[in-house]
Amino acid sequence: MIDTSVFRREFRFFLKQPAMVWLVVAAAGLSAFSVWSGLREVDQQNSTIEKLVEADAADRAEALAKVSDYGSAAYYTFHLTYDAPSELAFSALGERDVFPWKHRIRMLALEGQIYETDAANAELAQTGLFDFAFVLSVLTPLFLIVMLHDIRATERAAGRYELLAVTSKGKQTLWRSRAVVRVSLLSLSIFVPFLVGAVISGVSAQHILLVLFVVFAQLLFWTAICLWASARSSSGPAIASGLLAFWVLTTFVIPSVGDAAIESAISAPEGGDIILAQREAVNDAWDLPKEATMDPFVAVHQEWAAHAEVARPFEWKWYYAFQQVGDQTVEEMSKQRLGAISRRQKLAGWVALLSPASLTQRTLSNLAETDVIAALRYQQQVRNFHASLRAYYYPLLFKNVAFEKNIIDKLPEYKS
């Protein structure tokens, strides 16, 4: 049976240490602020999406009311695509400040649209966002280091170490109970604000338990490291210096060096290069013979071979054909970029095994669907929707179907 008196004693001892109490209060405040900040950011993103959905529908209806042919309808209508944040996104905003999560696309060449970004300032994005994942992965180890580094060294310096070791019921009972009390209070100060935010956001019980497991794993790892270091016979400042050095190494040095090495080892075309190459191909098509566009187009879309002849100086089917040929021109570049990003992610996962901070952030971002994988999934959804627009318009354009309003009112709709 567990003797609770030792924990009550350590709790009273804890309350007599103002520095420890204020540390827990500060941790609770930072955790609460990170949760509030995340909820606010998610609320702003959802609000932006709601406003854009309404404005997009009104804009498209106005544009369609003015057109008299399918080519103009395709040219003047925009379609909003978006990746709404998950219920758990407030806790780990991940890559949503780096990768675009909304686009307004037309049935023009897609690559020039999909790599355009309205993400936040690049320099600010590098610093990351102050969310719960940041508090847990970066700041929590610091709290634990401050709390536990001198748990024994202080008693040695005061000359009470041997007496306390002898009078305690077990050699390790005192230090373990003291650590349990401190870590438990810190855990509550960090996790309770998240729990409140999760309830507000409507997070499922399963995801709450998964986040709790991540919190427990992070706390357990750093508690073990701190207790191991505190058992050394060194002074408190020396132990703290060693732990801080380990924290800097695993939290900043290893991830930074790893990212640099991965990017150097796996090169990828930049999005700007893809946009430039695609736009050059589209612009050049105006001055080329019609066959220079229709031949490569038909090679991919043989179903339109019988309707590929362009008899007039300008026809909408030719215009949209060279838009797609522009995409075909940079298709290999785009595949190389996507493949390189995927390979970088896999390697970064291995590097994260050496960095508890990176591993924690990656895990939370994956649970919150705010990581690179989620960003690429959204990008594929945009590609699929754009393909549905082409599939809708091509029969109308290539078969010269007579324009009817009731047909154009049945445009494909984007589903998030």
Side-chain angles (χ1 to χ4, degrees), residues 56-57 59-81 103-116 271-335 379-414:
D56 178 68
D59 179 70
R60 187 163 52 253
E62 182 180 354
L64 290 176
K66 299 177 182 178
V67 300
S68 57
D69 59 82
Y70 297 117
S72 297
Y75 184 84
Y76 288 107
T77 54
F78 287 82
H79 302 265
L80 176 68
T81 67
H103 288 288
R104 290 190 75 208
I105 65 170
R106 291 187 288 170
M107 209 191 79
L108 305 180
L110 179 61
E111 300 303 320
Q113 303 176 74
I114 206 167
Y115 286 113
E116 289 180 343
D273 295 334
I274 295 175
I275 292 175
L276 181 61
Q278 177 263 301
R279 288 180 177 172
E280 287 179 349
V282 169
N283 291 335
D284 290 346
W286 289 101
D287 302 320
L288 297 175
K290 302 295 190 293
E291 294 78 9
T293 291
M294 302 311 294
D295 289 347
F297 175 82
V298 169
V300 176
H301 297 278
Q302 296 182 5
E303 66 272 22
W304 304 117
H307 306 276
E309 182 180 357
V310 181
R312 296 187 295 274
F314 178 84
E315 293 187 28
W316 280 114
K317 64 181 178 181
W318 165 69
Y319 176 79
Y320 289 110
F322 75 64
Q323 293 289 328
Q324 174 139 8
V325 170
D327 280 341
Q328 293 172 198
T329 302
V330 297
E331 182 177 6
E332 188 59 33
M333 291 178 67
S334 186
K335 288 181 177 179
Q379 194 177 98
Q380 186 57 47
Q381 289 175 341
V382 176
R383 294 180 187 279
N384 294 341
F385 175 70
H386 193 266
S388 71
L389 285 177
R390 284 172 165 165
Y392 177 85
Y393 277 111
Y394 280 169
L396 303 174
L397 296 173
F398 280 84
K399 293 182 179 181
N400 293 317
V401 177
F403 181 78
E404 295 182 25
K405 279 285 185 181
N406 64 321
I407 294 179
I408 208 66
D409 289 339
K410 299 176 182 178
L411 282 169
E413 295 184 5
Y414 177 79

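Computed from a predicted model, the values in this text were never measured in an experiment. Quick note: residue numbers are just sequence positions, from 1.
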Undergrad: Using a 4.5 Å cut-off on heavy atoms from C-beta on, say whether the side chain of Y319 contacts that of L397.
TA: no
Undergrad: If you apply the rule side chain to side chain donor-acceptor pair (under 3.5 Å), what do you find for Q380 with N384, and how did you get there?
TA: CA-CA 6 Å; Q380 186 57 47; N384 294 341; 2.9 Å; yes
Undergrad: Is any side-chain heavy atom of V298 closer than 4.5 Å to one of E291?
TA: no
Undergrad: May I ask you to decide if the ring planes of Y414 and F385 are parallel, tilted or perpendicular, using 30° and 60° as cut-offs?
TA: perpendicular
Undergrad: Can you tell me how far apart NZ (K410) and CD (E404) are? Round to the nearest 0.5 Å.
TA: 9.0 Å
Undergrad: Hey, does the side chain of Q278 reach the backbone of G112 with a donor-acceptor pair shorter than 3.5 angstrom?
TA: yes
Undergrad: What is the distance from atom CE of M107 to atom CG of L411, rounded to the nearest 0.5 Å?
TA: 10.5 Å
Undergrad: Dump the intermediate steps for side chain to side chain contact (heavy atoms under 4.5 Å, CB included) on F403 and V67, then the final yes or no.
TA: CA-CA 10 Å; F403 181 78; V67 300; 4.1 Å; yes
Undergrad: Do Y70 and Y394 make the cut of ring centroids closer than 6.0 angstrom?
TA: no
Undergrad: Please report the shortest heavy-atom distance between A277 and V330, naming the atom on each side.
TA: CB-CG1, 3.5 Å
Undergrad: For side chain to side chain donor-acceptor pair (under 3.5 Å), just list the numbers for H79 and E413, CA-CA rounded to whole Å, side-chain angles, deciding distance to a tenth of an Å, and then say yes or no.
TA: CA-CA 8 Å; H79 302 265; E413 295 184 5; over 6 Å; no
Undergrad: Does any N or O in the side chain of H386 come within less than 3.5 Å of the main-chain N or O of L108, such that one atom is a donor and the other an acceptor?
TA: yes
Undergrad: Answer yes or no: is there a side-chain heavy-atom contact under 4.5 Å between D59 and F78?
TA: yes
Undergrad: Closer than 4.0 angstrom, basic N to acidic O: yes or no for R383 and E111?
TA: yes
Undergrad: Tell me yes or no: between the side chains of Y320 and E315, is some donor less than 3.5 Å from an acceptor?
TA: no
Undergrad: Are any non-hydrogen side-chain atoms of F297 and Q324 less than 4.5 angstrom apart?
TA: yes
Undergrad: Cationic tip of R106 within the cone over Y75's six-membered ring, i.e. under 6.0 Å and within 45° of the normal?
TA: yes
Undergrad: Going through the distances and angles, do D409 and K405 end up as a salt bridge (charged side-chain N to carboxylate O under 4.0 Å, His left out)?
TA: CA-CA 6 Å; D409 289 339; K405 279 285 185 181; over 6 Å; no
Undergrad: Treating K317 as the side-chain partner and K399 as the backbone partner, does any N or O pair qualify as donor plus acceptor under 3.5 Å?
TA: no
Undergrad: Could you check whether any side-chain N or O of K66 sits under 3.5 Å from a backbone N or O of A73, counting only pairs where one atom can act as donor and the other as acceptor?
TA: no
Undergrad: Between I408 and Y393, is there a side-chain heavy-atom distance shorter than 4.5 Å?
TA: yes
Undergrad: Between I274 and M333, what is the shortest heavy-atom contact and its length?
TA: CG1-CE, 3.9 Å
Undergrad: Can we call the ring centroids of F314 and W316 under 6.0 Å apart?
TA: yes
Undergrad: Could you pull out the closest heavy-atom pair between G326 and V282, with the gap in Å?
TA: CA-CG2, 4.1 Å
Undergrad: Is the closest side-chain heavy-atom distance between M294 and W304 below 4.5 Å?
TA: no
Undergrad: When you compare the side chain of L110 with that of V382, does any pair of heavy atoms fall below 4.5 Å?
TA: yes
Undergrad: Could you tell me if the ring centre of W286 sits under 6.0 Å from that of F322?
TA: yes
Undergrad: Let me see the working for L288 and T293 under side chain to side chain contact (heavy atoms under 4.5 Å, CB included), right down to the final yes or no.
TA: CA-CA 8 Å; L288 297 175; T293 291; 5.6 Å; no
Undergrad: Please round to the nearest 0.5 Å and tell me the distance separating atom OH of Y115 and atom CD1 of I275.
TA: 9.0 Å
